[in-house]
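Reading through the structure tokens given below for one structure.
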Amino acid sequence: MTAETERQGIGTNADSTAWATIRRGLSLTPEFRQGLAVTLALAVVATIGKIIVPIAVQQTIDTGLKDGVPDLPYIYRTVALCAAAVLLTALAAYIMNVRLYKATEASLATLRVRGFRHVHDLSVLTQNTERRGALVSRVTNDIDQISTFMQWGGLMIIVALGQLVVASVLMLVYSWQLTLLVWLCFVPLMIALPRFQRWLSRAYTTVRERTGDMLAAVSESVVGAAVIRAYATERRTAERIDKAVNANRAAQVKAQTIVGFVFPLTEIVAALAIAGIVVLGVRLGLSGDITQGRLIAFLFLITLFVSPMQTATEVLNEAQNAVAGWRRILGVIDTPADVADPGDAGVELPRGPISVAFENVRFAYPGGPPVLHELSVDIPPRSRVAVVGETGSGKTTFAKLLTRLMDPVGGRVTVDGHDLRDVRFSSLRERIVMVPQDGFLFDGTLEDNIRYGKPAATREEILLGLTELGLADWLDGLPAGLDTPVGQRGESLSAGERQLVALARAYLADPDLLLLDEATSAVDPATEVRLARALEGVTRGRTAVSIAHRLSTAENADEVFVFDAGRLVQRGPHAELVTEPGVYADLHASWVSAARS
Amino acid sequence: MANKVTSAVMRQGLRVLGVAVRTEKAVFAVAVLASALYGGMTVASAWALGWATENVVLPAFTSGETAAGALWTGVLLILGTALLKSIGVAGRRILAGVIQYRMQARSRRDVTKQYLRLPLAWHHRHPTGQLLSNASADAEAAWAPLAPLPMAVGVIVMLLTAAVGMLFTDLVLALVGFLIFPAIAVLNLVYQRKLSPLATRAQQLRAEVSEIAHESFDGALVVKTLGREDLETDRFRRRAHELRDANIAVGRVRGLFDPMLEALPTLGVLAVLAVGALRLSTGSIEAGQLVQVAYLFTLLSFPIRALGWVLAELPRSVVGWTRVQAVLDAEGSMAYGQAAADRDEPAALEVSGVSYSYGDAEVLHDVTFDVPAGRTVALVGPTGSGKSTLVQLLVRLVDPDSGRVRLDGVDLRELAYGKLAESVALVPQQTFLFDDTVRGNIALDLPMDDEEVRAALRVAQADGFVDRLGDGLDTRVGERGTSLSGGQRQRLALARAVVRRPRLLILDDATSSVDPQVEAKILYGLRDRAQASTVVVVAYRMATIALADEVVFLEHGRVADRGTHDELIKRCEGYRNLVTAYEREEAERAALDLEADGVADIGTRAGTHAGIDAEEEGVSA
């Protein structure tokens, strides 16, 4: 069964080679491959533009200036021809650039959206193996790096190689001896460049780390403003920030210094080559092996060697980043969705009261001890169940299995007799809704957030929902009512208010089974009691499961499930359980003393 | 109109650059010298090549022999100019980086010093995200034009040298240069002007795409539990496609201008050949000079773009600089007096006639109460009643608009800097941990031995989980360290307060994420400590309130009543409604159970509504 397969983190494709990674990446982006041949052909045409000047110079000197008297009509014809060629290659470059941008952007947008969707299709377990920022990076920065490479670095590689090839061919036509000399000068540099790139890559890695430290330190002065003042640690904080800021600066300067030293090396090598050409060229000229125009053309051709070398370290660095980016986005896409939607083949549940059964359900987190042992329990339709137990007793796991956020390792969970794994997600999510403890809200208005539960809802429906939950007065107290902005993650509201909105959002979704995971823990007592009463009214006729953090919830339920160390140890109505000696009676006693001492 | 605005921005941008130049005078001077060396030597290298052509290459072909002296002079000239040029390039690049990064670091240090100096009330008025970006992105943008600046200066030197050189070589050829180079400069300026808004828009969209991904992944549980994956993907796709189109728009401009900027100098060289041939035919120039000018054109075509880079960065720089400067110019600070507060016994706290407003909204009205030395007082009140604001006044995070807060009879405003922190410790509602070790977070800047830190952890019931962390007291926690649960973070924050043996301890709902059983242990531990302190505690939970000698009940920013818990239960309706909500609920339910199920349904619901209205008085703020 899929549930038995080992759950792993999100991949990084680290063991596939750079080429395999790029091939796999390209196979996922047909938009990029389409018409690539034409784009590359245009790139070659554009490259030819670079050798026009040396050819023109050579022709002018050798043919046009024969015997020291300029052959003006010939020179004008040559220049006009060359100018036309320049314009033509510029046009080719323009078309090539636009094609390249369109193809890369279209393919990367597809990949980006695909990666984003796949992150949502991964189970919460898999999602939680990675920090949120890192996940975001996979569909943003990593793709941007690929895009930079394809539009600049990758293009540079093609242009640079083309330039070197075209220049070398022309050089060979003019003089093989001088060509050999030029290559002898540049080969050692070419061999050394990858090493420089590694230095630079290390230096840039350090810069990125120091920048992260710097941002963290700087944020303390803002986020920790109250604590810093209350404990009078301004000086210590300033010192820490200065240290991080200066370390970041030092790393930046170091990276820049490497670039500063490597970059001009090419100039020196080029000068050596030019000097060599002059010395050897003159000798060859004396023996009649080369014309003066060709010799001078060589001096111009050398400049075509300079820019590929100067940009090589940056280009190699970008290539490395781009491959890393490919690996990380492919890592997401290639990670199997371990809690998969059966899709159209799945069962569509009819609407109406819902029943649930756990049959010998076992669960353990990957590599961890079992957290649920052979759990078998049923929730009849229309019943109101409270789940209680200490932290770590397995009640949250129970909730996650019931809503199919995770699949059991053994046994099965059924709704209305169907295995949860066979139920279509669209049907499942419509009928079973959980309200998590952390009332996460999206940046927008109160109305936007509540409507998230039912995108087609009208404003009236939303208001009605709030009224039914007894929250109309709370809403009236807000300055802008439903139009109140909630801020990022809902941070403009208090923790309690966020929970109210999350509850209203779930209620509007109108599920047949509502599962509350300590969903009102941050609400003040008076409001919570009102809310509990309202919920009792509105969940009448539906199945309701609440993970309880206050004893009143358990007292009002039809039935209480008591969890202890991954087992269901007691079940029954509160009145019955409280009289038996056992886990529930103990929990109850400690609640009573906390609430009423 | 638009031109006026841009020229104003340019002027402002140049002023910003002036600030950097003045601040880093010495480095800038050396960078400009290096860059001038680079500029001069670029022209000189073309001249050296021309010289070698004229005196070495051409004579060899015309006369069939070459003078060894001339040959080696030519080689030396070529290598010498290249070496000097390389030194100039290295110096220019490295020093430009030094200036840019130093200025960025300086801005960051200055901005964060301001953040630390300005009163908390100022922080309340500015969103966190904005302040963070002032210190990071804005500080970076402000000084971004410094990177290409020395090169631009070098290019100007280069152009001047080239102009003079060409004028001396041949007036007519010089004229070709005077036509081509300004054309390249203007074309590049047009390019940058066209590109700049498109690039800004793409940058903006990139940030928006990232924000959507962040928010969506943060809310993954909500997305999943409501089955809104399609909705989220659509939202992301829309923005990702806008970004795609924006990037393509950038690409179109780049794709158009880059080849034009390449083609223009090439056409220039061809023009030089055509015009030069004409001049050769009249004998006005030598062939070597023609080669020299053509070569110069090849060398100058790229660097000349640097002028455009500087100008392109200026608008962004001005925006960044203006934002950074707004922080640096912010006024206001807390004034401190000279008084000490170095007694040993628990402190007495006195709040008299205190009012406080956020903007126009007054949240505390004439609040008066006192906490005698060694006593524990609970501040109780519904959400929004002003408890947390009051707490901020007690530790002088903000000063009251009117009225006084006194510690042992001394107005907090008269205490010397740091004195209050020695006597009073606050555990705020929102836990904040530094990106530091457990020990660093607890001791902060006080010298503490491990035993003291451990004792504090024991009181906060945090010794157990800290021991289980990989490196014990040396485990990094906070921003980039081990992720702790909310309850664990709260307990570390509590230990931070306890370890200071404060004479007044203030707990602002500081154990809300801690299990009730653990909370009880903490509260008993606090009470049984050897060194007693005065305690002010903000709480909802009965167990916490029960530990207090006295309760101050706040409602709508006023002290509605004060007295012992028992007294308030008897005489204060708002208080009774709030703290006994669960009990009353249970009692009503018990009463209901006596009646027949369902029959009384409608009646009870109506009754419940009446009850809600009565309570609402106390709840809504």
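In what follows, every chain begins at residue 1, and chains take the letters A, B, ... in the order their sequences are listed.
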Under 4.5 Å from any heavy atom of chain A, what part of [X] do you find: side chain, backbone, both or neither?
| X | answer |
| --- | --- |
| B:Leu256 | both |
| B:Val269 | side chain |
| B:Thr431 | neither |
| B:Asp245 | neither |
| B:Glu262 | side chain |
| B:Leu278 | both |
| B:Tyr115 | both |
| B:Tyr417 | side chain |
| B:Lys224 | both |
| B:Arg102 | both |
| B:Ser210 | both |
| B:Thr233 | both |
| B:Ala96 | neither |
| B:Leu49 | side chain |

field: Contacts of type salt bridge (Lys or Arg N to Asp or Glu O under 4.0 Å), residue B:Glu232, not counting sequence neighbours
entry: B:Arg235
message: I'd like to know if A:Arg235 pairs up with B:Asp445 as an ion pair, taking the criterion as any Lys NZ or Arg NE/NH1/NH2 lying under 4.0 Å from an Asp or Glu carboxylate oxygen.
response: no
Determine whether a donor-acceptor pair (N or O, by modelled atom type, separation under 3.5 Å) exists between the side chain of [X] and the backbone of [Y].
| X | Y | answer |
| --- | --- | --- |
| A:Arg229 | A:Ala225 | yes |
| B:Thr298 | B:Ala294 | yes |
| B:Arg244 | A:Lys102 | no |

task: Would you please name every residue forming a side-chain hydrogen bond (donor to acceptor under 3.5 Å, both in side chains) with A:Asp476, sequence neighbours left out?
output: none
Under a 4.5 Å heavy-atom cut-off, does chain B meet the side chain of [X], its backbone, both or neither?
| X | answer |
| --- | --- |
| A:Tyr76 | side chain |
| A:Leu428 | neither |
| A:Asp71 | neither |
| A:Leu272 | both |

query: Does the side chain of A:Asp443 come within less than 4.5 Å of B:Glu215's, by heavy atoms?
result: yes
task: Could you check if a side-chain atom of B:Arg228 sits within less than 4.5 angstrom of a side-chain atom of B:Val222, using non-hydrogen atoms only?
output: no
task: Check whether the side chains of A:Asn248 and A:Thr211 place a donor and an acceptor atom closer than 3.5 Å, and report yes or no.
output: yes
message: Among A:Val278, A:Thr104, A:Thr403, A:Thr233, which residue has the highest count of heavy-atom pairs closer than 4.5 Å to chain B?
response: A:Thr233
